[in-house]
Visitor: 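First the structure, then my questions, so here it is.
Owing to the predicted nature of the structure, the values given are computational and were not obtained by experimental measurement. A note on names: the letters A, B, ... follow the listed sequences, proteins ahead of strands, and every chain is numbered from 1.
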There are 2 protein chains.
Amino acid sequence: MPLSTADRSVLEPAIRRLNALRPLSPEARAALEYAMLEGLQRAGAGEDLISEGDPVDSVRIVLSGWLCRYKTLEDGRRQIVNFIFPGESCDSHAFLLSTMDHSIATLTPVVYAEIKRARFDSLLAADRSLAEAFLCEMLVNEAIQREWVINLGRRAALERVAHLFCEIFERLRPVGMVDGNSCAMPVTQTDLADATGLSVVHLNRTLQELRASGLIVLRDRTLVIRDIDALKSTALFSPSYLRLYRGGREHG
Amino acid sequence: MPLSTADRSVLEPAIRRLNALRPLSPEARAALEYAMLEGLQRAGAGEDLISEGDPVDSVRIVLSGWLCRYKTLEDGRRQIVNFIFPGESCDSHAFLLSTMDHSIATLTPVVYAEIKRARFDSLLAADRSLAEAFLCEMLVNEAIQREWVINLGRRAALERVAHLFCEIFERLRPVGMVDGNSCAMPVTQTDLADATGLSVVHLNRTLQELRASGLIVLRDRTLVIRDIDALKSTALFSPSYLRLYRGGREHG
DNA sequence: CGGCTGATTGATCCCGGTCAAATGAGGTGG
DNA sequence: CCACCTCATTTGACCGGGATCAATCAGCCG
């Protein structure tokens with residue numbers, strides 16, 4: 001459903017993030033903000049925003065809430081292949097391939113801006129910085145996807161869960177969604193299991209191990225990182241793939 | 001080292017592949033061919049074309065040979081996150097992020113075309129079909145990366161290796177690198193293990209299982225698929241993510 | 001209160017890792 | 001041509017991380 005009124009501040013995560021990837025010209029920023037405000041939408045928790053096989057003809061930019069990309073095997077095994085956080089966009093350029101090869105579900109209530117393909121194309125055509133910002137977003141997304149491959153392929157359960165927490169924390173930070181050493185963690189253990197390729201039972205035991213070693217507190221849908229350095233080192237976490245600092249600006 | 005002379009036919013895989021993703025205008029095709037011919041390079045087997053942390057300022061389009069993208073953890077664990085086959089490009093737009101977050105190694109001798117960033121940018125700026133073709137390539141690459149996450153997260157060893165073989169076969173087919181039901185497989189079992197997240201020992205035993213059940217023959221660096229349907233079904237392989245057929249052209 | 005979903009625990013099993021050694025296949029130098 | 005080295009493949013034995021199955025517990029809602 002469209003939002004009738006909204007002030008510009010809901011757009012902040014998206015603008016902040018894109019601007020960190022590529023400094024946006026004031027005109028590009030204004031044009032994008034205008035387009036986003038016109039396409040504001042809400043969705044409840046646990047909805048499929050779009051499913052495998054569905055046609056794509058717009059871009060959605062998430063403004064608040066968590067989503068996940070996932071795929072399901074014929075026999076029901078599910079794998080979450082990525083999370084989508086505020087400021088990130090769902091399907092930048094995906095319409096070039098016409099249909100989705102995976103599904104996107106909301107994990108919490110979500111506010112997002114939907115921009116139709118033609119509109120999006122003309123926004124990007126009008127401003128190079130904007131086009132580059134969205135390209136950078138795709139590139140970072142690819143890098144995250146690669147890191148997930150390593151996580152699943154070569155890290156043990158404890159490292160794997162620790163790594164996921166580090167990544168989530170560092171991805172939420174630049175959009176202002178962490179508070180000191182804690183952040184929201186509005187997902188079930190089943191979701192975390194599906195994201196880490198573990199069974200729910202073993203994920204639960206792994207969480208207990210992380211708690212027992214004093215690395216984290218996870219309660220009431222809130223993650224508190226008690227010892228970030230220790231967590232990063234048990235995760236073998238090295239954040240460069242997230243491009244958090246001066247994301248490639250030196251060539252820009 | 002640059003190739004002194006070369007006829008246009010070496011470019012065929014790349015042109016064929018890009019053209020399948022987006023029909024290229026004749027002018028775009030000619031301009032791209034010209035740029036590629038000027039930047040032809042060779043590399044031997046087992047070289048790192050580029051390493052994690054290296055600056056990027058060009059695009060490389062592979063014309064023959066196999067490469068892989070990989071990352072290594074501090075303690076030496078290695079994960080191959082993707083293969084790169086003839087017709088595919090290494091780093092389209094990657095220069096936007098300045099540096100590599102992973103490494104690319106040759107698995108065989110390789111011929112590729114290197115195009116400097118500025119040149120590449122102006123090629124894409126001059127022709128929309130070309131820009132879209134490279135965007136599609138990125139999108140397909142992302143989809144493959146996601147499928148690898150599922151492969152490592154939710155498929156058992158046998159399914160996983162079968163899936164990898166299905167994917168390789170289907171990626172090689174459109175560039176004319178399969179011969180009936182067989183294709184080259186110029187990699188060691190260590191490489192296959194690093195790509196599937198298995199140990200070499202277990203990968204070896206998994207191969208034997210695939211051979212014993214009559215699905216494949218793998219000998220002398222050649223893979224023969226004896227029963228493609230059975231292989232696909234043990235792999236739970238569904239090729240839509242590869243966009244092999246009319247890759248998104250209906251919206252183009 | 002009953003039903004539902006999510007978190008937790010216990011018991012058992014087996015897939016796949018690890019360690020170690022053997023075998024094979026080139027390649028090279030004497 | 002053979003001795004030797006290196007690298008890839010294969011095999012054997014053993015172990016343990018994580019899956020599976022099943023039950024219990026804790027909130028939450030109607």
Visitor: Rounded to the nearest angstrom, tell me the gap between atom CZ in B:Arg160 and atom C1' in C:dG17.
Guide: 12 Å

Visitor: Under the side chain to side chain donor-acceptor pair (under 3.5 Å) rule, collect the residues that match up with B:Arg16, sequence neighbours excluded.
Guide: B:Glu12

Visitor: List every contact pair, protein side and nucleotides 6-12 of chain C side both N or O, where the distance is under 3.5 Å.
Guide:
unit_1 : atom_1 : unit_2   : atom_2 : d
C:dA7  : OP1    : A:Arg221 : NH2    : 3.1
C:dA7  : OP2    : A:Gln189 : N      : 2.9
C:dT8  : OP2    : A:Gln189 : NE2    : 2.6
C:dT8  : OP2    : A:Asn204 : ND2    : 2.8
C:dT8  : OP2    : A:Arg211 : NH2    : 3.3
C:dT8  : O5'    : A:Asn204 : ND2    : 3.3
C:dT9  : OP2    : A:Gln208 : OE1    : 2.6
C:dT9  : OP2    : A:Gln208 : NE2    : 2.8
C:dG10 : N7     : A:Arg205 : NH2    : 2.3
C:dA11 : N6     : A:Arg205 : NH1    : 3.3

Visitor: Any pair with a residue in residues 158-170 of chain B that passes side chain to side chain donor-acceptor pair (under 3.5 Å), sequence neighbours left out, goes on the list, sorted by first then second residue, please.
Guide: A:Arg77-B:Glu159, B:Glu147-B:His163, B:Trp148-B:Glu167, B:Arg155-B:His163, B:Glu167-B:Arg171, B:Glu167-B:Tyr241, B:Glu170-B:Arg173, B:Glu170-B:Lys232

Visitor: Show me the donor-acceptor pairs within less than 3.5 Å that the side chains of residues 174-187 of chain B make with the rest of the protein, sequence neighbours left out.
Guide:
unit_1   : atom_1 : unit_2   : atom_2 : d
B:Asn181 : ND2    : B:Ile225 : O      : 2.9
B:Ser182 : OG     : B:Asp179 : O      : 3.2

Visitor: Taking side chain to side chain donor-acceptor pair (under 3.5 Å) as the definition, give me every residue that meets it alongside B:Trp66, ordered by chain and number, with sequence neighbours left out.
Guide: none

Visitor: Describe the nucleic acid contact of B:Gly46 in one word from base, sugar-phosphate, nothing, applying a heavy-atom distance below 4.0 Å.
Guide: nothing

Visitor: Taking five pairs at each end, how big is the angle between the two axes of the helix from C:dC1-D:dG30 to C:dG30-D:dC1, to 10°?
Guide: 30°

Visitor: In whole Å, I'd like the distance from the CG atom of B:Leu203 to the P atom of C:dT18.
Guide: 14 Å

Visitor: What is the per-nucleotide protein-contact pattern of nucleotides 23-30 of chain D, from the 5' end, where B denotes a base atom under 4.0 Å from a protein heavy atom, S denotes such proximity for sugar-phosphate atoms only, and - denotes neither?
Guide: --------

Visitor: Salt bridge (charged side-chain N to carboxylate O under 4.0 Å, His left out) with A:Asp101: which residues, sequence neighbours excluded?
Guide: B:Arg146, B:Arg243

Visitor: Using atom CG of B:Leu218 as one end and atom P of D:dT9 as the other, report the distance to the nearest whole Å.
Guide: 9 Å

Visitor: Going by side chain to side chain donor-acceptor pair (under 3.5 Å), name the residues that satisfy it together with B:Arg226, two or more places apart in sequence or in a different chain.
Guide: none

Visitor: Could you tell me how far apart B:His202 (NE2) and D:dG12 (P) are, to the nearest whole angstrom?
Guide: 16 Å

Visitor: List in chain and number order the residues that pass side chain to side chain contact (heavy atoms under 4.5 Å, CB included) with B:Thr188, two or more places apart in sequence or in another chain; answer none if no residue qualifies.
Guide: B:Thr190, B:Asp191, B:Arg221

Visitor: What ring pair (Phe, Tyr, Trp, His ring centres under 6.0 Å) pairs are there with at least one residue in residues 189-208 of chain B, not counting sequence neighbours?
Guide: none

Visitor: With sequence neighbours left out, what residues match B:Gln208 under side chain to side chain donor-acceptor pair (under 3.5 Å)?
Guide: B:Asn204

